[in-house]
Amino acid sequence: MSGSRERILARVRAALADVPRDERPGDVDVPRDYAREHGQGELIPVLTDRLLDYRALVHRVTAAELPGAIAAALARRGAARVVVPPGLPDAWLGEAGPVAVPDRPLDVAELDAVDGVLTGCAVAIAETGTIVLDAGPDQGRRAITLVPDYHLCVVPAERVVASVPQALPRLDPRRPLTWISGPSATSDIELNRVEGVHGPRTLEVVIVAG
Amino acid sequence: MSATFVGMPAFPAAARAATGDAQLRHNLRKATHTIRDRRRAVVEELDDWPRLRAAGRAVKDRVLRHLDHYLERLEEAVTAAGGRVHWAADAAEANAIVTGLVRATGEREVVKVKSMATQEIELNEALAAAGITAYETDLAELIVQLGDDRPSHILVPAIHRNRAEIREIFRRTMSEWGVPAPDDLTDDPAALAEAARRHLREKFLSAKVAVSGANFAVAETGSLVVLESEGNGRMCLTLPRTLISVVGIEKIVPTWADLEVFLQLLPRSSTGERMNPYTSVWSGVIPGDGPQEFHLVLLDNGRSATLADTVGRQALRCIRCSACLNICPVYERAGGHAYGSVYPGPIGAILTPQLRGTTTELDASLPYASSLCGACYEVCPVAIDIPEVLVHLRERVASGGGHTAERAAMAAAGWVLNDDRRLGLAQRAAGRMRGLVPRRLPGPGAAWTDTRDVPAIPAESFRDWWATRERGGGPDARGPADGRGRTEGGR
Ligand code: SF4
């Protein structure tokens, strides 16, 4: 197909005959005077508000309270077997209760059979209520947060930024990234948002501050 | 398989039929007005919206003016990340490439994420001809596919269907494609979504090959970006062994950091959300995570020809948000099918004639499928001056000659201007367009303008006009000074 490669590039170059020969891409001015953040308020309350707006479940706890909060959330959900990424901090599931199923890796049928998944996150964006996973050790590969119907996600306060422009420099696009803003939803029926289609239908977030 | 647009009548005939369909009109009006309000609320939340819009426009202009450079950069980066890049000059070549890639896997089924590019090239039909079944997995695409229907909106292809119709389609046809709809299926949207989940789940969990498009391709890093809501995208992009993404050559952004503009502009403009539920980013192949074979098919199919037109080029900035459809009074009346392509509404009226040319009656009529009111330009997150391009394309149609084209064009113009309400719209809206509205239509349209000379157009601002219209003719309580200027014309 290299013939088409050359043909397309030649057509594109011919189409751009009006562009001065010595113009470089950087010569096309891009005004960058938009805001780095929008000053919508304190990060944790704004993040909480946005997540609730998407109908996620949200808790705010201290580091000491985290294991108890995780155990309580899983108990409420009735989740007995939860898949965990390889680098999940031991303390998170320290208390007796659910069985942690390590991702060995699991096949799709096995993932479909667990009751949920417990992960951390790479970054969270307050203004948009977005949690970003980058397949880091406390998050695991993408499939484990996709197939189970319940996702319990721990968000440490130091990973929360205000805005999209603040989030991008913290992320490495060479890693697989999943941006999550609430549970799976659709607006395809009369443009009303309905939660719960193919992704996890319940997203529960534990924000750890202090 | 979903029907194609082949043999569609020209815009005015199709629009006339749609206007007579009360159910369709009602569904469309309800849906577009819902989303307009949501969009307005989340756009008003960002006080730098006009600056984001200016940046979005400029980034895309940078890409378009140096597209050859960025295409080579993208190819290099995707290849370095373990992907394979293919180049398709037209639809036939793209279909042949994808068909060959699927055949090479030995599979006869693929799952698909909603993609305008693959609709444009009619990939599903090409795969079917090769004995390969493509399963659409986006809820709205599923509704269209099961209903043997055509898409009528960029974002919500089944926007013309209400919940009762969707229930009927599911009950009637799901069993032919796989897991049937439950016997007691109601028309509650949550129940319909649940039926779609059950219908598609086994397909996702067993799929070996997926086909997608992409919203953005980052030249610097070779990353592809897909925004979606339901998780069907994540399923397709993560679980299969082989992933094939068909992406128009204009979808490039230069750098990773440039996404900070578009990941703010797109969700707020399209679904009216602060952020869509899921966005996936991947670069090539990631060992042990997701597809282990990745193919990027770069699609020209008329884009380089569009690029050659220095006025029309700006249409390639489009990020397919569909805000211009949702605000357009002509789209609201005519419906998406009348535009006779997968790109309906104002963007379709300028993109389709450029991608396909204006040789058919339908395509020649599209630049006239507008009252030039300017609402589309006001809401466009990358500031495409759609009215400017429409007028430019009208000149092209008119000078291209041929009675067929001219007749079609005049019939479309006649339809748009044909009742008092639309007439009023066109006249009052034309404030900023005054220099562009012909005083007298040529050809058959002349009779119309002869008896109804276009009255003087008041120099009222677009925003005032629109606010008044949206309030059913009442006075604009907000006054023109407190708004956010042109980006928020869309109310
Ligand atoms: S033309 Fe502008 S408003 Fe219309 S779909 Fe494209 S980006 Fe959105």
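Here is the naming used below: chain letters follow the sequence lines, and residue numbers restart at 1 for every chain.
- Considering only heavy-atom pairs separated by less than 4.5 Å from chain A, the leading option among T32(B), N276(B), L155(B), V42(B) is N276(B).
- Only the side chain of T130(A) comes within contact range of chain B, judged by heavy atoms closer than 4.5 Å.
- Note: A89(B) leads A190(B), A305(B), A77(B), A89(B) in heavy-atom pairs under 4.5 Å with chain A.
- The parts of V147(A) that come within reach of chain B are both its backbone and its side chain, each placing non-hydrogen atoms under 4.5 angstrom from that chain.
- Neither the backbone nor the side chain of I125(A) has a heavy atom closer than 4.5 Å to any heavy atom of chain B.
- The closest side-chain donor-acceptor pair between D48(B) and H38(A) falls under 3.5 angstrom.
- Nearest heavy-atom pair, A55(B) versus V30(A), reported as atom, atom and distance to 0.1 Å: O-CG1, 4.1 Å.
- For the set D107(A), D53(A), T128(A), the count of heavy-atom pairs under 4.5 angstrom toward chain B peaks at T128(A).
- Ranked by heavy-atom pairs under 4.5 Å with chain A, the list K30(B), R51(B), R313(B), H66(B) is led by H66(B).
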>> With side chain to side chain donor-acceptor pair (under 3.5 Å) as the criterion, how do Y34(A) and E260(B) come out once you've worked through the C-alpha distance, each side chain's angles and the decisive distance to 0.1 Å?
In response: CA-CA 10 Å; Y34(A) 50 86; E260(B) 70 188 18; 2.4 Å; yes
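- Contact annotation for R38(B): only side-chain heavy atoms (C-beta onward) come within less than 4.5 Å of a heavy atom of chain A.
- Within 6.0 Å of the CZ atom in R55(A), the count of heavy atoms belonging to other residues, nucleotides or ligands does not exceed 12.
- Residue contact with chain A, scored on non-hydrogen atoms closer than 4.5 Å, is absent for L227(B).
- Minimum heavy-atom separation, S229(B) to T186(A): CB-CA, 4.4 Å.
- Within the 4.5 angstrom heavy-atom criterion, atoms from both the backbone and the side chain of V28(A) approach chain B.
- Side-chain contact annotation: E93(B) with S4(A), donor-acceptor N/O pair under 3.5 Å present.
- With a threshold of 4.5 angstrom between heavy atoms, L139(B) approaches chain A through its backbone and through its side chain.
- Both the backbone and the side chain of P200(A) come within contact range of chain B, judged by heavy atoms closer than 4.5 Å.
- Contacts from residues 159-169 of chain A to chain B, taken as heavy-atom pairs separated by less than 4.5 Å, involve V164(A), P165(A), L168(A) in sequence order.
- Contacts between E228(B) and chain A at a heavy-atom distance below 4.5 Å are absent for every atom of the residue.
- Of the residues considered (E141(B), H160(B), E194(B), E72(B)), E72(B) shows the highest number of contacts with chain A, using heavy-atom pairs under 4.5 Å.
- Of the atoms belonging to D29(A), it is backbone heavy atoms, and not side-chain ones, that fall under 4.5 Å from chain B.
- Summarising the geometry of S283(B) relative to P173(A), their closest heavy-atom pair is OG-O, 2.7 Å, with the distance given to 0.1 Å.
- Counting all heavy atoms, side chain and backbone alike, A193(B) lies closest to I189(A) at N-CD1, 4.5 Å.
- Nearest heavy-atom pair, D289(B) versus A135(A), reported as atom, atom and distance to 0.1 Å: OD2-CB, 3.9 Å.
- In this structure, the side chain of D18(A) does not engage the main chain of T310(B) through any donor-acceptor pair within 3.5 Å.
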> After noting the C-alpha distance and the side-chain angles of Q40(A) and L46(B), does the key distance pass the side chain to side chain contact (heavy atoms under 4.5 Å, CB included) rule?
Replying inline: CA-CA 9 Å; Q40(A) 294 176 348; L46(B) 301 189; 3.9 Å; yes
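- Counting heavy-atom pairs closer than 4.5 Å to chain A, the top-ranked of the candidates V85(B), T34(B), T137(B), V59(B) is V59(B).
- Using a cut-off of 4.0 Å between Lys/Arg side-chain N and Asp/Glu carboxylate O, D300(B) and R7(A) are scored as not salt-bridged.
- Most heavy-atom pairs under 4.5 Å with chain B, from the set P25(A), S184(A), A185(A): that is P25(A).
- In this structure, chain A has heavy atoms under 4.5 Å from both the backbone and the side chain of L67(B).
- Looking at residues two or more places apart in sequence or on another chain, you find a ring pair (Phe, Tyr, Trp, His ring centres under 6.0 Å) between F204(B) and H198(A).
- For the set G182(A), P31(A), A10(A), the count of heavy-atom pairs under 4.5 angstrom toward chain B peaks at P31(A).
- In this structure, chain A has heavy atoms under 4.5 Å from both the backbone and the side chain of L52(B).
- Put simply, of E220(B), R201(B), R303(B), the one with the most heavy-atom pairs under 4.5 Å next to chain A is R201(B).
- Minimum heavy-atom separation, Y54(A) to R274(B): OH-CB, 3.5 Å.
- Using a cutoff of 4.0 Å between basic side-chain nitrogens and carboxylate oxygens, R32(A) and D258(B) are scored as salt-bridged.
- Neither the backbone nor the side chain of T306(B) comes within less than 4.5 Å of any heavy atom of chain A.
- Contact annotation for D68(B): both backbone and side-chain heavy atoms come within less than 4.5 Å of a heavy atom of chain A.
- For R197(B) (side chain) and V197(A) (main-chain N/O), a donor-acceptor pair under 3.5 Å exists by modelled atom type.
- Interface remark: A35(A) contributes backbone and side-chain atoms alike to the contact with chain B (heavy atom separation under 4.5 Å).
- Most heavy-atom pairs under 4.5 Å with chain B: of the set L9(A), L146(A), L111(A), this distinction falls to L146(A).
- Between the R142(A) side chain and the T238(B) main chain, no donor and acceptor come within less than 3.5 Å of each other.
- Comparing R50(A), E127(A), R174(A) by how many heavy-atom pairs each has under 4.5 Å with chain B, the most go to R50(A).
- With chain B as the partner, the residue from L171(A), V194(A), V19(A) showing the most heavy-atom pairs under 4.5 Å is V19(A).
- Within the 4.5 angstrom heavy-atom criterion, atoms from both the backbone and the side chain of L205(B) approach chain A.
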